[in-house]
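As the structure is a prediction and not an experimental result, all values here were calculated from the model.
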Amino acid sequence: MLMPKRTKFRKQHRGRMEGEAHRGTTLVFGEWGLQALEPVWLTSKQIEAARRAITHNTRRGGQVWIRVFPDKSVTAKPAETRMGSGKGGPDHWVAVVRPGHVIFEVGGIREDLARQALTMAGHKLPIRTRILAREVESGTGAHEDAAPVEEPATAAVGGEQ
């Protein structure tokens, strides 16, 4: 699973998940992408589950780019421990994802395979996502910005279906 090799500090403040993403909102590497529509802390396990779903559904064809990295440590105190005596030790790692951030990109595969793979990956994540497609190149040779191609794919959370 993803985690940093080393960090300057073992523990971090929780921070705020307010506002939209300012960077990483457009497709850079592939032709198709999965964009977050809600703020979330994505754990390294969730990122790995979605990556495996993409790899499985593309039948190991094309390329996959992971655009988020879990570099924030989340601490937890052991069970049945009394209050006080400081902050708990690092428990797992998360990536802070704000609305609009592209989480995964895929390229080098057909449109139907890309849509299916990214839909399955979206079901592995605890937030609503949407699939982006790179615009067709214009006559000037420049790429247009990515545009959403379908309604948000919702993940089943809390029994919703």
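Taking the side chain as every heavy atom from C-beta outward, T7 and D71 never approach each other to under 4.5 Å. For the pair M120/I54, no side-chain contact is recorded, criterion being any heavy-atom separation below 4.5 Å from C-beta on. Contact of the L42 side chain with the V94 side chain is not registered, since no non-hydrogen atoms from C-beta on lie closer than 4.5 Å. Contact annotation: the side chain of W41 approaches that of R14 to within less than 4.5 Å [non-hydrogen atoms, C-beta and beyond]. Contact check for W93 versus M1: no side-chain heavy atoms found under the 4.5 Å cut-off. Taking the side chain as every heavy atom from C-beta outward, R59 and L113 approach each other to under 4.5 Å. Annotation: side chain of P90 is in contact with side chain of R10 (closest heavy-atom distance under 4.5 Å). Using a 4.5 Å heavy-atom cutoff, the side chains of F9 and S73 are not in contact.
Between the side chain of K77 and the backbone N or O of M83, no donor-acceptor pair lies under 3.5 Å. Judged by distance alone, with hydrogens and angles left aside, the side-chain atoms of E105 form no donor-acceptor pair with the main-chain N or O of G33 at under 3.5 Å. R98 places a side-chain N or O within donor-acceptor distance of the main-chain N or O of E18, the cut-off being under 3.5 Å.
One hydrophobic cluster, built from ILVMFWY side chains closer than 4.5 Å, cannot hold both I66 and M3; they sit in different ones. Linking ILVMFWY side-chain heavy atoms closer than 4.5 Å, directly or via other members, places F69 and F29 in two distinct hydrophobic clusters.
Atom NE2 of residue H123 and atom OG1 of residue T129 lie 8.0 Å apart, to the nearest 0.5 angstrom. Here R23 contributes atom CZ and R67 contributes atom CZ; the two are 12.0 Å apart, rounded to the nearest 0.5 Å. Here CG of L34 is found 8.0 Å from CG of L132. Values are rounded to the nearest 0.5 Å.
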field: Test log, rule side-chain contact (heavy atoms from CB on, under 4.5 Å), inputs I103 and V68
entry: CA-CA 6 Å; I103 304 169; V68 294; 3.9 Å; yes
- prompt: L37 and I127: side-chain contact (heavy atoms from CB on, under 4.5 Å), yes or no, with the steps?
  reply: CA-CA 7 Å; L37 297 178; I127 55 170; over 6 Å; no
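Using a cutoff of 4.0 Å between basic side-chain nitrogens and carboxylate oxygens, E31 and R134 are not scored as salt-bridged. Using a 4.0 Å cut-off between charged nitrogen and carboxylate oxygen, R51 and E48 count as a salt-bridge pair.
Shortest non-hydrogen contact noted between A114 and V106 is CB-CG2, 4.0 Å. The heavy-atom pair separating M17 from P39 by the smallest distance is O-CB, 3.6 Å. For the residue pair S44 and P70, the shortest heavy atom distance occurs at CB-CG, 3.9 Å. Nearest heavy-atom pair across W65 and G107 is CZ3-N, 3.7 Å. Residues E38 and P99 approach most closely at C-CG, 3.9 Å, considering heavy atoms. Listed here is the closest heavy atom pair of I47 and F104: O-CZ, 3.6 Å.
When the shell of 6.0 Å around NZ of K45 is examined, it contains 12 or fewer heavy atoms from other residues, nucleotides or ligands.
Of the residues T25, V28, L27, T26, the one that meets the side-chain contact (heavy atoms from CB on, under 4.5 Å) test with V102 is L27.
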